[in-house]
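Source: prediction; values computed, not measured.
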Amino acid sequence: MATMTVPRGEILQERSKGRDVRISNIVAAKALASCIRTSLGPRGMDKLLQLPSGEVLISNDGATILSKMNVLHPAAKMLVECSQSQDIEAGDGTTSVVVLAGALLDACTGLLSKGIHPAMIASSFYRAAEACCELLTGAAMPVDMKDRSSLIHAVQTCLSSKVVSQNSDLLAPIAVDSVLKILGEDPSGATNVDLRDVRMVEQLGGTVDDTELVDGLVFDKGSTKTAGGPSQIDNAKIALIQFCLSAPKTDMDNNVVVSDYAAMDRILREERKYILNMCKKIKKTGANVVLIQKSILRDAYNELSLHFLAKMGILVVTDIERTDVEFVCRTLGCTPAPHVDSLTPEKLGSAAHVGDVVLPGSGHKVVKFVGVANSGCTSTVLLRGSNDLVLAEANRSVHDAQCVVRSLVKQRYLIAGGGAAETEASLRLRELALETTGMDSHCFKAYADALEVIPYTLAENAGLKPIEIVTELRKAHAEGTVGAGINVKKGRITDMYDENVIQPLLVTTSAIKLATETVCMILKVDDLVVVM
């Protein structure tokens with residue numbers, strides 16, 4: 001008897017290659033996330049990086065570590081870019097965003113094994129992230145930019161996980177004041193801050209405790225002077241020149257051969273006369289401080305010009321970088337002069353006092369400009385450190401701290417730290433998952449579980465029992481304590497608002513959005529094409 005074949009409907013079976021590529025991408029990205037997971041939180045470990053140049057770097061800033069790592073896998077590179085995006089957007093939470101992305105990818109593995117389609121998971125995760133951001137905005141506390149103490153507490157929370165955390169009492173007010181100074185008299189009207197208006201000057205020697213916020217401008221080298229030249233000037237009139245105070249040269253490379261002593265004397269006399277004439281024109285404008293821009297075509301100055309300027313009682317600062325000219329002009333209120341004939345009294349800046357200052361601990365000299373008239377648009381931080389590693393990390397830490405203040409300018413809400421925000425979002429998302437039907441319910445629950453990786457990792461890195469701590473934290477939030485978080489110093493759950501452990505809302509919401517976006521992008525990849 002002939003067997004009857006039953007026609008089967010056409011079913012689109014997913015290629016096994018697509019599944020393998022997806023799993024490979026998830027494994028690579030999770031490996032990178034687990035690598036920097038130990039750096040999260042105030043008790044997180046630091047990483048010692050040896051760069052190809054032989055330079056050594058110590059940091060626990062996620063963006064710094066990942067940017068220095070030589071990552072080859074394309075999916076893992078996406079996490080590096082995600083961390084850099086977080087650094088640009090919020091400045092803080094660069095480790096959290098990668099750890100969160102790793103946890104979400106782990107949740108995806110479980111959902112994929114249940115047979116849920118990657119596109120369904122991605123759309124559900126986007127909705128879950130949106131719900132989390134709405135829930136956190138509702139739980140956040142508005143902040144006034146004039147409330148300096150709240151800003152300092154937020155910055156101290158950011159600095160608590162840095163290498164220089166023991167100096168946070170000094171660095172936090174400096175970071176806050178340097179940004180508030182840019183915002184001017186009324187910080188309430190600002191919507192963003194350009195941190196390029198804050199100049200960071202590093203000086204080796206002393207300790208981080210010697211770091212200060214300068215009311216004016218600092219150059220990282222002393223004034224250039226010959227015997228008899230001034231080193232301190234009161235009521236300074238400052239000229240920034242872009243022309244060279246040296247003998248002119250031909251446009252082409254020529255050699256002049258002089259065989260007569262009389263002609264040689266005449267050349268030297270003309271050179272002396274030419275330079276003296278330029279120095280007299282500078283003096284005539286009323287300038288008593290001259291800043292000379294660095295030149296690559298010929299010598300920007302010579303011993304003869306320094307001698308004449310010293311005799312005229314003018315303080316000279318040389319080798320001003322081309323990139324610093326705009327900052328210097330805005331700070332001092334001067335206009336650069338490209339030619340000696342274009343230098344007029346109207347182009348001069350002013351300062352109450354300009355002079356060399358010997359830094360304690362190193363004996364190195366710097367030039368300080370204090371009492372600047374229009375100091376509202378820029379600020380300068382003079383950083384000190386006992387070695388290059390500490391100095392570089394202090395610079396990165398203060399910049400992150402300034403980014404926290406910038407985040408509060410962009411979005412004026414504070415939220416509790418110590419894993420409180422993530423636990424609150426996780427709890428409310430679980431409640432939302434119970435009310436939702438279909439695939440969304442499974443995906444929301446998996447997303448909520450992944451959010452708990454932040455408090456779990458904080459507890460783990462602090463040497464606490466993570467399961468006990470997270471369970472206790474969940475219980476506190478279920479009872480309505482929105483600010484309950486992990487106090488790593490006391491090793492128990494406390495209200496983070498009482499402990500002043502607070503952070504900008506933008507840091508958390510940005511981390512959630514960016515991590516979700518990266519995970520969904522990795523999920524939607526089903527093939528790896530190498531283009532030669």
For [X] and [Y], which I'm curious about, is there any donor-acceptor pair between the side chains at under 3.5 Å?
X: Ser510; Y: Gln86; answer: yes
X: Gln402; Y: Ser178; answer: yes
X: Glu202; Y: Asn395; answer: yes
X: Asp169; Y: Gln156; answer: yes
X: Asp147; Y: Ser149; answer: yes
X: Lys47; Y: Thr38; answer: yes

If you take all heavy atoms of Phe327 and Arg199, which pair is closest and at what distance?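 That closest heavy-atom pairing would be CZ-CB, 3.3 Å.
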
Minimum heavy-atom separation for Phe444 and Ala433, please, with both atom names.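 Answer, listing the atom of Phe444 first, then Ala433: CB-CB, 3.7 Å.
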
Would you check if the side chain of Asp197 reaches a backbone N or O of Ile182 as a donor-acceptor pair within less than 3.5 Å?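 Answer holds: no.
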
Is a donor on one side and an acceptor on the other found under 3.5 Å between the side chain of Ser426 and the backbone of Glu422?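 The answer is no, because no donor-acceptor pair under 3.5 Å joins these two groups.
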
Knowing that exactly one of Val155, Val381, Thr211 qualifies, which makes a side-chain contact (heavy atoms from CB on, under 4.5 Å) with Leu171?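 With Leu171 as partner, side-chain contact (heavy atoms from CB on, under 4.5 Å) holds for just one option, Thr211.
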
Non-hydrogen side-chain atoms of [X] and [Y] separated by less than 4.5 Å:
X: Val525; Y: Arg22; result: no
X: Lys162; Y: Pro42; result: no
X: Ile415; Y: Ile502; result: no

More than 12 non-hydrogen atoms from neighbouring residues, nucleotides or ligands closer than 6.0 Å to NZ on Lys410, yes or no?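 Enclosed.
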
Evaluate whether atom NZ of Lys30 has more than 12 neighbouring non-hydrogen atoms of other residues, nucleotides or ligands under 6.0 angstrom away.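 More than 12 heavy atoms, drawn from other residues, nucleotides or ligands, come within 6.0 Å of this atom.
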
To the nearest 0.5 Å, what is the distance between [atom1] on [X] and [atom2] on [Y]?
X: Thr380; Y: Phe219; atom1: OG1; atom2: CZ; result: 9.0 Å
X: Ile493; Y: Leu473; atom1: CD1; atom2: CG; result: 4.5 Å
X: Leu348; Y: Cys334; atom1: CG; atom2: SG; result: 8.5 Å

Check the pair Arg492, Glu468 against salt bridge (Lys or Arg N to Asp or Glu O under 4.0 Å), reporting the backbone distance first and the verdict last. CA-CA 10 Å; Arg492 56 193 176 86; Glu468 281 183 23; over 6 Å; no

